[in-house]
*Asks:* 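Sharing a structure here in structure tokens format.
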Amino acid sequence: MSQEVASQPSANIPAGLEPENELIQARLDKLQRLREQGIDPYPPRVARTHTTAQAITAFESAADGTAPINVQLAGRIISWRLMGRSLFAHISDSTGRVQLYFKKDDLGEESYEHLKHDFDIGDFIQVSGYMFRTKTGEVSGHITAYRLVSKSLHPLPEKWHGLKDVETRYRQRYLDLIANEEVRKIFIARSRVVTAMRHFLDDRGFLEVETPILQPLYGGASARPFETYHKALDRKLFLRISDELYLKRLIVAGLDKVYEIGRDFRNEGIDTKHNPEFTMMECYQAYADYTDMMELTESMVAFIATQVLGATKITYQGQEIDLRPPWPRYTMRDIILKYSGVDIAVSTTLESLRAAMREQNLKEADAGPTWGKQVDEIFKAYVEPHLSGPAFVMDYPVELSPLAKRKPGAPLLVERFEAFVGGFELANAFSELNDPLDQRERFLDQGRQQAAGDEDAQPLDEDYIQALMVGMPPTGGLGIGVDRLVMVLTDQASIREVILFPQLRT
RNA sequence: GGGCGCGUAGCUCAACUGGCAGAGCAGCUGACUCUUAAUCAGCUGGUUGAGGGUUCAAGUCCCUCCGCGCUCACCA
């Protein structure tokens, strides 16, 4: 408790950096030694002529090793093999890794001792020398001079087994990325997915836009929002649950093809397919309908797969899936009939639907409160698990889709589809509702559902109705869950494996 | 929120029906001038997630809490 006892350890360590164990203490000791030698362990600049990959390529492409390939390299030390008067190490950078060879004869006694005693795995080092090939065939750098460029004070995960603990992997993702090559590949793939998506949309003439994340009113999806507060305006704001209503305002505005790739926030549970913040691509195309969006979806996904993986054939959790267009299309009615025996075109009321379910011996346990919700329940329970896909399921109950246009000749349905790959929803799209009066009615119906206890019902957005009154052309809209697309393309079962910093407690 | 499982050294993992908390890697000391999971000798390293209980004795059994995973519910 007393000051004398509490502040005992190493006077040269700043408060807050007390060593938690001897491994850190050993590195702090080295740091101290370096400073005593007048060496700055964190110099402001580093010099290098080649990345690790460039150094190796330069050597290999040199015609006949007559002229030496001189290089200056820099990177993180990831392995260290001391063999008496010589020493091998590997350094890595984002382009790869290269082996370094140090010899006492080349460096001199003092320099070699400094190297031996003051460096650790994890440190960043700058070296200069020339490239050569070892007896065992590895292209390496023969180092004649070196310099510390950043001292590491915390040990890295073990070299062979790497870092496996899931919680540490998520909480200290930097360690995960350093230690686990496969993880790095997933996030590189993720970046390429987004790049390919942009290319595809840009090539088709879509304009990338940005719309508000902080919104006075949320909408565009059935979900509970996060709330926040703006002090200067003294008002409640919501984090968006979708981009939809703003993007359609831009269709009204005459920007005929727009898209946005951005973060949405939904105040809901967390599981292997849901993170409270996630990335959504939404695009809207004037003078198009939902069939155009189907073509857009399958073409885009196939293009992205080809760009990122080099093929449209993928394996997802053991299932072989070919994303090559065209994807099979099923009406919701047909596919429900196929897997459950219930015909929702015949059973068009909640009562008759439940009767038909009893007839087919389907459990009614989670019976929906309305016809549309019951249809959704049947679909999720009996159809969705079969949809390894890719597949389009089209023509949804109107009640579930307050922003979609009604299907001509089918009063209970709207022109909407969802795309399924690997057994879960990847995309959602519809012919956008552009009738302002019908839209108002749909919002009012949502209000009734909310009054009946549905927390996810969408609030009436008068400002959006007003935009529709100005006039929106027939328009097709599409949303693709980017995280889920990355899951499918990288064969990951959990959304946390494709989000760098997934939501965790505390 | 419910059910099931997990939490041991910096990392990866052991520890039988309760019986002295261990190994490999990493670290430290030494040997070794083409190694690559280098090798060899020696040494150090623990609030067994936290708190309580049962017991002569708890990593192990019981309770509460924290965290993580899977799953159901909820939810696109």
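The model shown is predicted, which means the values in this text are computed figures rather than measured ones. Within every chain, numbering begins at 1; the chains are lettered A, B, ... in the order of the sequence lines, protein sequences first and strands thereafter.
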*Asks:* If only side-chain N and O atoms count, and only distance matters, is there a donor-acceptor pair under 3.5 Å linking A/Asp118 with A/Gln37?
*Replies:* yes

*Asks:* Mind checking if A/Ser140 touches a base, just sugar-phosphate, or nothing, with heavy atoms under 4.0 Å?
*Replies:* nothing

*Asks:* Starting from Watson-Crick (N1-N3 plus N6-O4 or O6-N4) and G-U wobble pairs under 3.5 Å, report the runs of at least three that RNA chain B belongs to.
*Replies:* B:1-7 with B:66-72, B:10-13 with B:22-25, B:27-31 with B:39-43, B:49-53 with B:61-65

*Asks:* What I want to check is whether the side chains of A/Ser152 and A/Arg27 have a donor and an acceptor closer together than 3.5 Å.
*Replies:* yes

*Asks:* What do the steps show when you test A/Leu412 against A/Arg406 for side-chain contact (heavy atoms from CB on, under 4.5 Å), and what is the final call?
*Replies:* CA-CA 8 Å; A/Leu412 291 175; A/Arg406 292 177 197 274; over 6 Å; no

*Asks:* Got a donor-acceptor pair under 3.5 Å from the side chain of A/His161 to the base of B/C11?
*Replies:* no

*Asks:* Is the backbone of A/Leu413 close enough, under 3.5 Å, to the side chain of A/Asp395 for a donor and an acceptor to pair up by distance?
*Replies:* no

*Asks:* Checking all strands, does A/Lys380 fall into the base, sugar-phosphate, or nothing category for heavy-atom contacts under 4.0 angstrom?
*Replies:* base

*Asks:* Looking at B/U35, does its base get a donor-acceptor pair with the side chain of A/Gln99 below 3.5 Å?
*Replies:* yes

*Asks:* Check this for me: A/Arg329, atom CZ, are more than 12 non-hydrogen atoms of other residues, nucleotides or ligands nearer than 6.0 Å?
*Replies:* yes

*Asks:* B/C66 and B/A26: how far apart are their C1' atoms, nearest whole angstrom?
*Replies:* 29 Å

*Asks:* Using the C1' atom as the point on both nucleotides, what is the distance between B/C4 and B/G46, in whole Å?
*Replies:* 30 Å

*Asks:* Remember a base hit wins even if backbone is also touched, and classify A/Ala223 as base, sugar-phosphate or nothing at under 4.0 Å, heavy atoms.
*Replies:* sugar-phosphate

*Asks:* Taking any heavy-atom pair under 4.0 Å as a contact, classify A/Arg27: base, sugar-phosphate, or nothing.
*Replies:* nothing

*Asks:* Between A/Ser494 and A/Glu384, just flag the one whose closest nucleotide in RNA chain B comes earlier from the 5' side.
*Replies:* A/Ser494

*Asks:* Taking atom types as modelled and ignoring hydrogens, do the side chains of A/Arg147 and A/Gln126 form a donor-acceptor contact shorter than 3.5 angstrom?
*Replies:* yes

*Asks:* I'd like to know if the side chain of A/Gln285 pairs up with that of A/Asp292 as donor and acceptor (distance under 3.5 Å, no hydrogens or angles considered).
*Replies:* no

*Asks:* In whole angstrom, what separates A/Asp271's CG from B/G1's C1'?
*Replies:* 14 Å

*Asks:* Give, ordered by number, those residues of residues 70-83 of chain A having at least one heavy-atom distance below 4.0 Å to an atom of RNA chain B; if nothing qualifies, reply none.
*Replies:* A/Arg81, A/Leu82, A/Met83

